[in-house]
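Taking it in order: structure first as structure tokens, then the write-up.
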Number of protein chains: 4
Amino acid sequence: MASPITVLGQNQYGKAENRVVKITRDGGTHHIKDLNVSVALSGDLDEVHYSGSNAHVLPTDTTKNTVFAFAKEHGIRTAEDFGIALARHFVDSTEPITTARIRIEEYAWDRIATSGGDAPHSFVRNGGEIRTAQITYDSRDGGSLEVLGGLKGLTVLNSTDSEFWGYIKDRYTTLEEDYDRILATEVSAVWRHNWNGEGTPPDWDECYAGVRTLLLRAFAETYSLSLQQTLYEMGSQVIEGRDELDEIRFSMPNKHHFKADLKVFGIENEAADGAVYLAADRPYGLIEATVLRDGAQARIPVDMTNL
Amino acid sequence: MASPITVLGQNQYGKAENRVVKITRDGGTHHIKDLNVSVALSGDLDEVHYSGSNAHVLPTDTTKNTVFAFAKEHGIRTAEDFGIALARHFVDSTEPITTARIRIEEYAWDRIATSGGDAPHSFVRNGGEIRTAQITYDSRDGGSLEVLGGLKGLTVLNSTDSEFWGYIKDRYTTLEEDYDRILATEVSAVWRHNWNGEGTPPDWDECYAGVRTLLLRAFAETYSLSLQQTLYEMGSQVIEGRDELDEIRFSMPNKHHFKADLKVFGIENEAADGAVYLAADRPYGLIEATVLRDGAQARIPVDMTNL
Amino acid sequence: MASPITVLGQNQYGKAENRVVKITRDGGTHHIKDLNVSVALSGDLDEVHYSGSNAHVLPTDTTKNTVFAFAKEHGIRTAEDFGIALARHFVDSTEPITTARIRIEEYAWDRIATSGGDAPHSFVRNGGEIRTAQITYDSRDGGSLEVLGGLKGLTVLNSTDSEFWGYIKDRYTTLEEDYDRILATEVSAVWRHNWNGEGTPPDWDECYAGVRTLLLRAFAETYSLSLQQTLYEMGSQVIEGRDELDEIRFSMPNKHHFKADLKVFGIENEAADGAVYLAADRPYGLIEATVLRDGAQARIPVDMTNL
Amino acid sequence: MASPITVLGQNQYGKAENRVVKITRDGGTHHIKDLNVSVALSGDLDEVHYSGSNAHVLPTDTTKNTVFAFAKEHGIRTAEDFGIALARHFVDSTEPITTARIRIEEYAWDRIATSGGDAPHSFVRNGGEIRTAQITYDSRDGGSLEVLGGLKGLTVLNSTDSEFWGYIKDRYTTLEEDYDRILATEVSAVWRHNWNGEGTPPDWDECYAGVRTLLLRAFAETYSLSLQQTLYEMGSQVIEGRDELDEIRFSMPNKHHFKADLKVFGIENEAADGAVYLAADRPYGLIEATVLRDGAQARIPVDMTNL
């Protein structure tokens with residue numbers, strides 16, 4: 001029962017990590033969508049916490065069933081379309097539920113190349129970055145829909161055109177300035193669409209591909225004096241190049257590559273001659289920032305990592 | 001340089017996952033502290049993003065050096081004390097830095113039992129839950145200090161005294177009601193101290209041990225009609241039992257144990273007789289909620305997971 | 001079909017990682033066994049490879065069902081007993097199958113302490129080492145049974161009584177000799193029982209507990225000049241102390257703890273005064289060896305890691 | 001010291017997981033090699049185990065230094081060339097060492113596409129399969145050199161052309177026969193070169209690319225009645241197509257995709273119409289086998305997994 005001195009705050013529940021694969025057949029040619037779908041519902045749920053009454057609870061098992069049934073009934077055109085349909089469904093069809101947040105990871109597959117060309121129904125997993133989407137539908141105050149796109153695991157490296165110098169030096173500073181270093185990071189990014197559910201939605205796939213191209217180009221083409229500068233450049237190019245986006249947030253670890261110290265063996269190891277580096281695991285620099293369209297509000301939560 | 005149509009939003013940087021181990025010798029008896037320390041600094045940092053000028057940047061490498069030097073200079077009494085010293089140092093000694101957030105994971109070690117009793121300097125890692133702490137010091141507006149305690153990886157299981165029934169049944173509901181099920185979860189919890197840096201700080205170790213005991217007892221002693229009810233009971237008991245805390249947030253996956261269907265082999269498999277269960281990985285129910293002291297403000301961020 | 005120039009070599013198949021949990025009720029007091037069971041079968045299986053004929057194949061799905069059914073029908077006294085029953089069953093009841101290898105991981109749970117003493121049916125996962133077992137039953141040549149016990153994830157640390165010096169120094173050697181270092185490792189060990197299936201089997205639980213105690217004591221009580229010496233001492237004490245074992249193999253990474261270099265900050269950091277260490281991830285020394293009872297044959301495969 | 005009743009068996013030691021990155025500059029165009037190198041040495045090493053004497057021990061730290069120094073002094077043409085040079089060096093230059101085994105993982109990077117074409121010194125990690133190599137040099141008995149190539153993490157899926165029926169049905173069999181199922185696996189493969197160190201070595205890169213192509217094609221083009229049949233076909237095509245190889249071993253989990261049961265909702269979900277599948281984690285079928293050139297000896301160890 002409700003404690004006399006405590007109250008319930010924000011709460012949500014649902015089934016996480018539903019691994020749904022949909023094959024679509026177009027004659028002998030098949031297409032594949034491979035998603036990991038997580039559902040989180042909120043609403044009039046005080047009683048299930050206070051007394052254990054489940055009268056307002058749609059079981060997480062049901063939310064799982066719905067994900068698989070919707071994949072067949074409605075198909076999966078894009079992760080975003082699928083998430084919007086699910087979010088609206090849970091809120092519109094379940095009276096106590098006022099908010100649904102659908103998070104999706106999408107794994108890409110390429111066709112296998114055979115002697116006769118691209119295979120019609122054979123695929124090899126593309127192990128690159130994971131595409132993400134988050135759809136939040138809230139029925140209160142007239143209803144609102146927010147769609148976040150994103151990616152994670154996009155690992156990139158510039159083997160030159162990166163410097164780091166001119167920083168604060170205090171008692172504990174030992175780092176030497178570097179005028180030619182490796183800059184490497186594993187990009188996690190989340191971007192916010194300004195589409196609010198009314199009118200024509202963006203072309204989700206075209207937008208994703210466009211953002212990915214802008215991120216890679218900005219990383220490759222920025223002569224970098226700091227990872228922060230590179231990050232901001234990446235964010236700016238995305239906001240400038242994609243009118244449908246108002247905000248982007250990054251979490252970018254500095255994947256350190258330390259030049260091996262070979263002087264003691266009488267071996268030169270200069271960047272200019274092609275050097276050998278030790279790729280370090282921990283600790284790592286971690287750079288996180290939001291880039292906004294001028295005048296837009298920041299709505300993407302600041303915490304994208306747990307450490 | 002700054003783009004004409006974009007602006008920088010929230011940003012932070014620092015060295016993450018500094019793995020620092022401190023041995024303290026008391027004659028032949030040694031003590032060990034084993035931490036993973038992550039530093040995040042914020043402040044007047046626009047220029048490093050806009051132009052790459054590092055004039056306001058204390059290198060992440062320096063923050064790493066500081067962690068190790070402080071461990072020797074000041075010792076590590078508790079993770080919380082250590083984090084407070086670090087947070088104050090970065091802000092107070094580095095002019096452009098106004099906010100420091102220190103996150104710490106602590107790994108526990110037990111003494112090895114030998115023929116002659118507990119070993120004086122030999123340890124075995126206690127693989128149970130990880131203790132966490134987050135210290136945030138902000139020098140603006142007169143200065144504020146916030147300390148969050150926490151734990152993760154505390155996996156618990158009740159083999160009975162758990163039911164689940166009386167829920168909403170829609171078109172996609174197939175789950176059967178259950179009057180005797182296993183309830184298992186891996187508890188992640190974060191709690192907020194109301195101490196603000198003035199006056200005597202709490203006894204951090206005693207508080208941690210006390211919260212852990214309350215969480216385990218509440219889990220064990222609650223006859224559960226829903227995981228939400230158990231969660232709320234755990235949170236309430238912590239807030240009621242620990243005056244120094246105002247808020248606690250949980251992320252608790254429902255680690256499903258499905259009764260194996262053996263009827264087809266002519267084998268009964270009822271909970272009452274001691275049953276066999278399949279421990280499932282994915283998908284899983286995920287229950288998240290905050291419990292607050294009445295009148296307190298919710299300040300712990302809602303997002304504790306990325307899925 | 002069979003290729004004219006290739007032949008099939010060793011092969012095996014089965015269902016891996018069946019996560020089976022068995023609750024046994026003794027009135028209000030419950031007991032829990034939590035296993036991860038992997039089945040691998042071999043025998044007259046050429047045709048399934050050459051032509052795809054499954055006439056000799058017991059489906060992996062059936063081996064899964066059998067694991068869960070046996071857990072209820074026969075109970076799980078120990079992982080070893082359970083594995084022996086499964087291995088004999090698959091070979092004895094399936095004509096083309098001549099060999100069955102059952103691998104088991106066991107996860108330990110402790111009772112939760114409540115205000116009224118140890119809880120009767122509430123448990124907290126003991127996150128320490130994982131107990132392992134491998135049972136191989138081969139019906140050919142009169143039948144043979146081999147039982148391997150083991151553990152993994154037993155992480156131990158001596159904060160002194162470890163030296164390293166007197167080694168070979170070549171052109172690439174820069175390591176300084178150390179007369180007081182931390183010695184830490186994560187023990188993986190596999191031991192072989194000389195019981196062959198006839199006569200009274202060992203007391204599996206007593207043996208496991210005994211080996212674990214010997215391993216920990218030998219680690220703690222050995223003044224170490226090399227990790228190899230410590231490893232050999234651990235193995236010898238196990239073979240000397242447990243008549244039922246003939247062989248033990250170890251894989252022990254040297255979990256390096258490097259003394260932080262604080263001299264540049266004017267801070268002493270000597271082991272004798274209690275030092276600060278950086279716990280490193282990669283690379284790590286890796287020490288692997290077998291210790292045998294004099295006259296026994298080495299049968300445990302050399303490869304316990306993939307790197 | 002040596003125990004009176006135990007003896008030392010097979011043993012080896014070295015530094016594992018040296019993460020070495022080599023950049024080669026060709027004017028403004030850079031090339032990258034990204035390896036994870038593990039060293040294991042054996043030889044006259046009894047005393048370090050029995051008494052802790054390190055007189056015959058080249059420190060693992062030295063083996064690490066050697067990896068980085070060799071990367072600069074000799075460059076890294078291929079993982080195999082680099083491993084051969086290292087293995088020969090350790091054995092030939094260190095008197096007590098008679099055998100060296102070098103294991104290498106290689107991570108692939110692609111050039112980033114920019115507006116001006118492929119970037120000259122900007123790369124994006126190709127997250128697909130990991131290339132592996134193992135080089136063993138043994139100076140005893142006149143000297144022998146063995147080179148294993150391999151890959152892991154190559155995940156493939158056929159969305160049709162897979163059946164499974166005609167298997168043994170016992171008391172515990174519930175699986176229904178399936179005439180149109182998804183077949184998916186994550187290929188781990190190790191192949192053995194018949195080159196023994198004399199004469200011209202194979203073109204390692206060309207061989208790797210050739211094997212990968214054969215594996216993918218055989219997977220895509222085999223109409224499958226069992227995963228074993230597909231595995232054998234993959235192995236046969238590699239042995240038939242690559243004269244330089246005598247043996248290949250596979251470990252292939254059956255990544256189950258279960259058709260979602262939607263009948264209860266009145267929804268058809270037939271493979272022929274494009275179905276929805278649940279991608280399962282555990283348990284999974286695990287198929288392992290060796291394919292040999294007729295007359296060749298099996299030398300690749302059977303154990304490629306720990307479960």
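Throughout, a chain's letter reflects where its sequence line sits, starting with A, and its residues are numbered from 1. What's counted below: heavy atoms across the whole structure, side chains too, no hydrogens, waters or symmetry copies.
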Inset, instruction - Could you tell me whether Arg282(C) and Glu105(D) have a side-chain N and a carboxylate O separated by less than 4.0 Å? - result: no
Legend entry - Thr60(C) versus chain D, the contacting section by heavy-atom distance below 4.5 Å: side chain
Inset, instruction - Against chain D, label Asp61(C) side chain, backbone, both or neither, depending on which of its atoms sit under 4.5 Å from a heavy atom there. - result: side chain
Inset, instruction - Please flag which part of Thr94(C) lies under 4.5 Å from any non-hydrogen atom of chain D: side chain, backbone, both or neither. - result: side chain
Legend entry - Pick from Lys169(C), Glu247(C), Met252(C), Arg171(C) with the largest number of heavy-atom pairs that fall under 4.5 Å of chain D: Arg171(C)
Inset, instruction - Could you tell me which of Thr230(C), Ile239(C), Asn18(C), Leu58(C) has the largest number of non-hydrogen atom pairs under 4.5 Å with chain D? - result: Leu58(C)
Legend entry - Salt bridge flag under 4.0 Å for residues Asp246(C) and Arg299(C): no
Inset, instruction - Please state whether the side chain, the backbone, both or neither of His256(C) comes within less than 4.5 Å of a heavy atom of chain D. - result: side chain
Legend entry - Carboxylate-amine/guanidinium contact Asp303(D) Arg101(C), below 4.0 Å: yes
Legend entry - Contact origin within Val291(C) toward chain D - heavy atom pairs under 4.5 Å: both
Legend entry - Atom group of Pro253(C) that falls short of 4.5 Å from chain D, counting heavy atoms: neither
Legend entry - Test: Lys64(D) and Glu17(D) ion pair at under 4.0 Å: no
Legend entry - Which portion of Arg293(C) sits near chain D, non-hydrogen atoms under 4.5 angstrom: both
Legend entry - Contact class of Tyr223(C) relative to chain D, heavy atoms under 4.5 angstrom: neither
